[in-house]
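To keep things clear, I will list the structure first and then write my remarks on it.
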Amino acid sequence: MLAQTTVTGTVSENTSNLPIPGVNIIVKGTTSGTATDFDGNYALSVNEGDVLEFSYIGYKSQELTYAGQTTLNVKLLEDTAVLDEVVVIGYGSVKKEDLTGAVDMINSDDFNEGPVLSPQQLISGKVAGVSVTSGGGAPGEGQNIVIRGQGSLSLVGTPLYVIDGFPIDNGSVGGSRNPLNFINPSDIESMVVLKDASATAIYGSRAANGVILITTKKGKDSGFKFNLSSSATVSTPFNKVDVMSAEQFTTLIEQNGTDANIALLGSANTDWQDEIYSNAYGSDHAFSAIGNAFGTPIRASIGYSDQDGILKNDNLTRTTGALNIKPSLFDDHLKLDLNARGMYTENTFANTGAISSAIDFDPTQSVYDADSKYGGYFSWIDPNTGNKPSLAPTNPVALLDLVDDTSEVRRLVANAKVDYNLHFFEDLTATINIGIDKQNSHGRTVTSELIPTPDETWNGSRTSYTQEATNKLFDAYVTYAKTINEKNALTAVAGYSYQSFEYNNFSYDSEDEEDGVDYEFIDKSKNVLLSYFGRVNYTLNEKYLITASLRADASSKLNPDDRWGYFPSAALAWNIHKESFLEDTAVNELKLRLGYGEVGNVNGLDDYKFITSYTGSQSTANYQFGDSFYQTYRPSALNEDLRWEVAQTLNIGIDYALFSRRLSGSVNVYSKKTKDLISDSFVDPFTNFGNQIEANIGDMENKGIEFNLNVIPVRNDNFEWSLNYNIAFNDNEITNLPDQQYVGGISGGTGNTVQTHVEGEAPYSFLVYEQVYDSSGTPIEGAYVDRNGDNIINDDDRYINHDPYADVTMGLSTNLSYKKWDLAVVTRANIGNYVYNNVASRAGTLNRATENGILTNLHTDYYNTGFQSLTDNGLQSDHYVQDASFFKLDNITLGYTLTEAIKNTTFRFYGSVQNVLTVTDYDGLDPEVYGGIDNDFYPRPRTYVLGVNIDF
């Protein structure tokens with residue numbers, strides 16, 4: 001002890017010389033140690049010859065032997081593992097430092113937590129310019145992903161999903177809620193989002209809307225490790241449509257109705273929305289094993305989910321299994337990556353028609369009526385027929401109880417990737433990737449004979465269907481990779497791809513039977529994509545990066561003369577941080593990127609639109625000849641000149657990281673011009689088999705700015721706090737469209753629309769009348785601004801009033817960990833998105849309450865308007881187009897990790913709340929409505945989760 005000396009010093013960053021607080025300093029082989037203070041200073045008693053270990057998260061650990069000095073200053077080097085991280089791209093991979101395109105990667109550590117059934121939910125709010133919107137609150141509901149705005153008017157606007165190198169079909173068979181539900185989110189290792197065309201062009205025709213590469217967890221060359229995760233969820237309905245209560249409705253009828261209307265009032269106090277919604281319970285379990293068996297890395301997993309929906313009788317049950325085997329042969333010259341995953345899903349679909357019926361049904365009536373001939377469910381009765389009136393809403397509880405809609409979906413996705421590094425030419429690797437995606441479904445809907453109906457002869461019905469889809473893939477390509485003088489590198493890829501998509505659909509409806517003859521619908525189709533592709537990457541002196549690619553695609557959906565599309569791209573990047581003038585500075589990464597590319601799109605286009613096809617007539621439209629009826633076939637309109645939609649994208653970007661990556665992120669500025677948009681076009685009479693065809697008639701442009709920022713304000717061995725913030729600005733405009741199109745159909749009236757595609761405006765812009773208000777701010781019924789000054793209010797006075805897509809999207813998430821505790825919070829915001837409140841427009845007029853000899857409840861917007869009658873012009877009033885900007889607190893998760901309870905076993909217990917808070921001025925149920933028309937939306941629930949994750 002007398003020989004001990006106190007050594008002091010400062011620990012700082014090697015590049016910026018800034019002090020590092022919280023560095024751990026341990027005398028190797030002992031428990032003696034200390035940590036640096038806020039200014040990076042430390043003091044420690046040591047003996048000569050002691051080895052001191054300096055360690056801090058994000059830096060390379062350093063060991064120094066004490067030689068008797070009184071002062072010992074240390075500089076820690078940044079751990080460059082982040083820059084060396086390998087990112088999967090199309091037909092290969094590249095170090096993150098060598099990326100030239102607009103690419104974002106989200107690892108499993110950064111995924112959103114909570115009750116996640118769909119992979120798309122993992123990245124919601126995490127990536128700038130990527131908007132994820134669920135179709136509603138049903139369990140496993142589909143998610144709509146839009147990358148950098150709408151890119152098409154009529155084709156599929158979702159990105160291409162590539163699972164372990166296998167591009168899957170974005171569609172799904174009937175009876176399936178979400179095409180990506182076959183992947184258990186716990187099996188996913190990372191998701192890479194390719195946003196600009198320089199990154200996506202290698203995928204050619206399907207990459208116009210971006211690409212999401214999903215890499216699943218793989219086997220490892222280590223001893224076996226196991227993981228067991230289990231969670232239980234409770235989902236609660238926490239918001240309802242604002243309709244009148246029984247007391248309010250009674251007052252309304254008594255003040256405005258006739259004696260006959262008043263006589264129809266019941267004595268009950270029924271909240272019909274409470275009757276159809278309830279707490280929903282669910283559970284999710286997954287088990288995986290990863291390790292090495294017989295010298296081969298392997299990973300296997302199974303999962304089971306059982307989730308009810310808050311709409312009664314709604315349920316999703318899913319069983320998944322996955323297997324990955326990665327053997328290597330011939331001294332690692334031959335590598336195999338074998339993947340297989342299967343899913344079996346049982347769905348019970350609640351009748352969503354109950355949602356609108358619950359809004360409409362008279363709250364003074366009881367759910368049940370002992371005298372009812374409809375199984376004891378109350379129903380309005382037409383005194384003339386003794387049956388339910390045709391225009392009366394159906395008892396919503398009866399709709400849920402007396403309609404049985406179920407399906408079973410099976411899916412197998414398997415692929416085998418073989419890489420052979422040639423013995424005689426080791427710079428060259430040949431790759432073959434073959435895969436199959438097979439899915440089928442069986443479903444049926446059985447409607448009880450007790451369902452309230454105006455049909456006196458009704459005795460129940462049954463519809464059934466089977467659907468099959470088969471996706472086959474064959475890729476073959478070679479990769480040449482050569483490092484020259486250690487700082488220069490060349491990688492070249494050239495290959496061929498063949499992918500086919502086959503569909504076989506069958507359906508039967510008992511109501512189509514006639515004279516004992518069954519009428520069945522059979523539909524088979526197939527389309528093929530044939531491709532050649534190539535890419536060259538060159539790195540000069542580790543500073544200057546060049547990427548160029550070309551893909552040639554031929555789709556059987558297009559006519560032979562226009563079948564081939566050629567999609568080039570090129571990108572340049574400069575690693576400025578490698579230059580000498582940035583050495584020994586706080587700049588860890590600074591890269592400037594410039595990229596341009598073209599990609600095509602025919603996703604969602606029906607097969608063989610360039611040739612005449614024929615459709616068989618329904619049983620109710622057969623041709624009578626004598627006493628017999630014969631099925632007829634009608635030709636469909638065709639266009640022999642259909643060709644590719646082509647998107648041209650220019651992207652300028654900067655990637656940066658400072659202060660040992662405590663601050664990092666990226667900025668991208670882009671312009672995406674889509675030419676030859678496929679949309680409906682009018683044709684001259686008698687020149688085709690219809691007055692409209694799909695044709696290449698338009699152009700559109702998206703331009704915007706994306707900013708992403710990652711900050712680590714605090715990081716030491718006990719406490720770490722990280723923040724991720726992203727914001728994106730997007731402007732979407734149709735720049736050329738000869739024929740204005742009217743879209744956005746709404747409920748109420750017949751054939752009414754409130755949206756349009758027109759040159760000079762965003763797609764799906766609202767086209768409405770400008771409402772006139774009195775001095776108190778109350779809308780005047782039937783009064784609209786005569787915008788063209790011709791003293792007539794007609795269609796010419798409608799105007800463009802905003803659009804449903806946000807001008808600004810933001811995401812903010814934060815993660816905190818203190819010793820064994822961790823906390824994650826995820827928030828999102830949209831600014832500038834608008835929604836048409838179709839529930840208020842169709843259900844907010846007084847006359848509706850007493851029409852058709854029954855009573856119908858009203859939306860409380862009636863108190864704001866006082867509107868008496870439902871009219872076409874009234875439905876198209878801008879009063880119902882509302883600012884739906886919002887801030888959402890999506891998820892809060894709190895966890896605790898326990899490591900000492902059982903040897904070699906780690907427990908993490910967590911609790912989570914999803915859909916915590918929404919702040920908005922929108923008056924409807926939810927401001928986040930994909931497409932912008934709020935009509936009987938399945939509400940998203942608030943979900944509470946308790947779970948455990950065990951590693952052993």
If only side-chain N and O atoms count, and only distance matters, is there a donor-acceptor pair under 3.5 Å linking E701 with S671? yes
Looking just at side-chain N and O atoms, do T10 and N41 make a donor-acceptor pair shorter than 3.5 Å? yes
Does a side chain donor of either D337 or N324 reach within less than 3.5 Å of an acceptor in the other side chain? yes
Can a side-chain donor-acceptor contact be found between N209 and R148 if the only test is distance below 3.5 angstrom? no
For G165 and N433, which heavy atoms make the closest approach, and how far apart are they? O-ND2, 3.1 Å
Side-chain donor-acceptor contact under 3.5 Å, T906 with T899: no
Please, which pairs that meet salt bridge (Lys or Arg N to Asp or Glu O under 4.0 Å) have at least one residue in residues 813-827, sequence neighbours excluded? K820-E900, D822-R908
Within the side chain of K591, is there an N or O that forms a donor-acceptor pair under 3.5 Å with the backbone of Y656? no
Closest heavy-atom pair, T65 versus G49, reported as atoms and distance to 0.1 Å, is CG2-O, 3.8 Å
L545 vs W574, side-chain contact (heavy atoms from CB on, under 4.5 Å): CA-CA, chis, key distance, verdict: CA-CA 6 Å; L545 311 170; W574 177 21; over 6 Å; no
Going by the side chain to side chain donor-acceptor pair (under 3.5 Å) test, name the single residue among H577, K578, R661 that passes it with E589. R661
Main-chain N/O of N47 paired with D50 side-chain donor or acceptor, under 3.5 Å: yes
If you look at every heavy atom in I106 and F111, which pair is closest and at what distance? O-CE2, 3.4 Å
Going through the distances and angles, do T431 and D419 end up as a side chain to side chain donor-acceptor pair (under 3.5 Å)? CA-CA 5 Å; T431 302; D419 294 309; 2.6 Å; yes
Near-ring test Y544/Y538, centroid separation under 6.0 angstrom: no
Could you tell me which non-hydrogen atom of T200 sits nearest to which non-hydrogen atom of G210, and how far apart they are? CG2-CA, 4.2 Å
By side-chain contact (heavy atoms from CB on, under 4.5 Å) - contacts of W721 (at least two apart): P713, V714, F719, L723, T814, L816
So, D187 and T216: side-chain donor and acceptor under 3.5 Å apart, yes or no? no
May I ask you to check whether over 12 heavy atoms, not counting those of D331, lie within 6.0 Å of atom CG? no
Value for CD1 (I652) from CG (N668), rounded to nearest 0.5 Å, stands at 10.0 Å
Starting from the C-alpha separation in whole Å, work towards a yes-or-no answer on side chain to side chain donor-acceptor pair (under 3.5 Å) for N488 and K482. CA-CA 8 Å; N488 304 313; K482 182 70 174 179; over 6 Å; no
Is a side-chain N or O of R828 found less than 3.5 angstrom from the main chain of G811, in a donor-acceptor match? no
When you measure from the side chain of T585 to the backbone N and O of V587, does any donor-acceptor pair fall under 3.5 Å? yes
Between N730 and K703, is any side-chain donor less than 3.5 angstrom from a side-chain acceptor? no
Heavy-atom check, side chain of I576 versus side chain of F581, under 4.5 Å: yes
Verify whether one side chain among S531 and R551 offers a donor that lies under 3.5 Å from an acceptor in the other. yes
Is a side-chain donor-acceptor pair under 3.5 Å present for D475 with S497? yes
Only one of N716, V11, V74 passes side chain to side chain contact (heavy atoms under 4.5 Å, CB included) with T36, and that residue is V11
Tell me whether the count of non-hydrogen atoms from other residues, nucleotides or ligands lying under 6.0 Å of NZ in K335 goes above 12. no
Please determine whether a side-chain nitrogen of the Lys or Arg among K225 and D951 lies less than 4.0 Å from a carboxylate oxygen of the Asp or Glu. no
Would you name the heavy atoms of G33 and I26 that are closest together and state the gap between them? CA-CD1, 4.0 Å
Under a 3.5 Å cutoff, is there a donor and acceptor pairing between the side chains of E189 and T215? no
Just wondering, do V87 and K95 contact through their side chains at under 4.5 Å, heavy atoms? no
So if I apply the side chain to side chain contact (heavy atoms under 4.5 Å, CB included) rule between F729 and each of D807, V808, V669, which one comes out positive? V808
Distance (rounded to the nearest 0.5 Å) between K888 NZ and S124 OG: 9.0 Å
Any side-chain heavy-atom pair of Y66 and L44 under 4.5 Å: no
Between the main-chain N or O of S660 and the side-chain N or O of N588, is there a donor-acceptor pair closer than 3.5 Å? yes
Is any side-chain heavy atom of T479 closer than 4.5 Å to a side-chain heavy atom of L428? no
Rounded distance (nearest 0.5 Å) linking atom OH of Y596 with atom CG of L650: 8.5 Å
Are F533 and Y91 an aromatic pair, judged by ring center distance below 6.0 Å? yes
Between D196 and T649, a side-chain donor and acceptor under 3.5 Å: no
Report the relative orientation of the aromatic rings in Y42 and F54; use parallel for angles under 30°, tilted for 30 to 60°, perpendicular for over 60°. perpendicular
Would N815 and S817 count as having a side-chain donor-acceptor pair, cut-off 3.5 Å? no
Could you tell me how the ring of F330 sits relative to the ring of H423: parallel (under 30°), tilted (30 to 60°) or perpendicular (over 60°)? perpendicular
Report the distance from atom CG of L99 to atom CD of E97, rounding to the nearest 0.5 Å. 10.0 Å
Would you say that more than 12 heavy atoms from the other residues, nucleotides or ligands in this model lie under 6.0 Å from the NZ of K217, or not? yes
Quick one: pull up CD1 in I145 and CD in Q121 and give me the separation to the nearest 0.5 Å. 10.0 Å
Between S55 and S61, is the side chain to side chain donor-acceptor pair (under 3.5 Å) condition met? List the steps. CA-CA 5 Å; S55 63; S61 297; 4.8 Å; no
Could you go through V94 and T491, starting from their C-alpha distance and side-chain angles, then the distance that decides it, and tell me whether this counts as side-chain contact (heavy atoms from CB on, under 4.5 Å)? CA-CA 10 Å; V94 66; T491 303; over 6 Å; no
Please test D655 against L590 for side-chain contact (heavy atoms from CB on, under 4.5 Å), starting from the C-alpha separation and ending with a verdict. CA-CA 6 Å; D655 301 324; L590 185 61; over 6 Å; no
Under the criterion side-chain contact (heavy atoms from CB on, under 4.5 Å), I'd like the reasoning laid out for V103 against V193: C-alpha separation, chi angles, the key distance, then a yes or no. CA-CA 6 Å; V103 176; V193 182; over 6 Å; no
Please report the closest heavy-atom contact between K672 and G151, naming both atoms and the distance. NZ-CA, 4.4 Å
Within a reach of under 6.0 Å around NZ of K75, are more than 12 heavy atoms found that belong to other residues, nucleotides or ligands? yes
Output, in order, the C-alpha distance, side-chain angles, deciding distance and verdict of side chain to side chain donor-acceptor pair (under 3.5 Å) for S549 and S569. CA-CA 5 Å; S549 71; S569 77; 2.5 Å; yes
Using a strict threshold of under 4.0 Å (side-chain N to carboxylate O), is an ion pair present between D104 and K195? yes
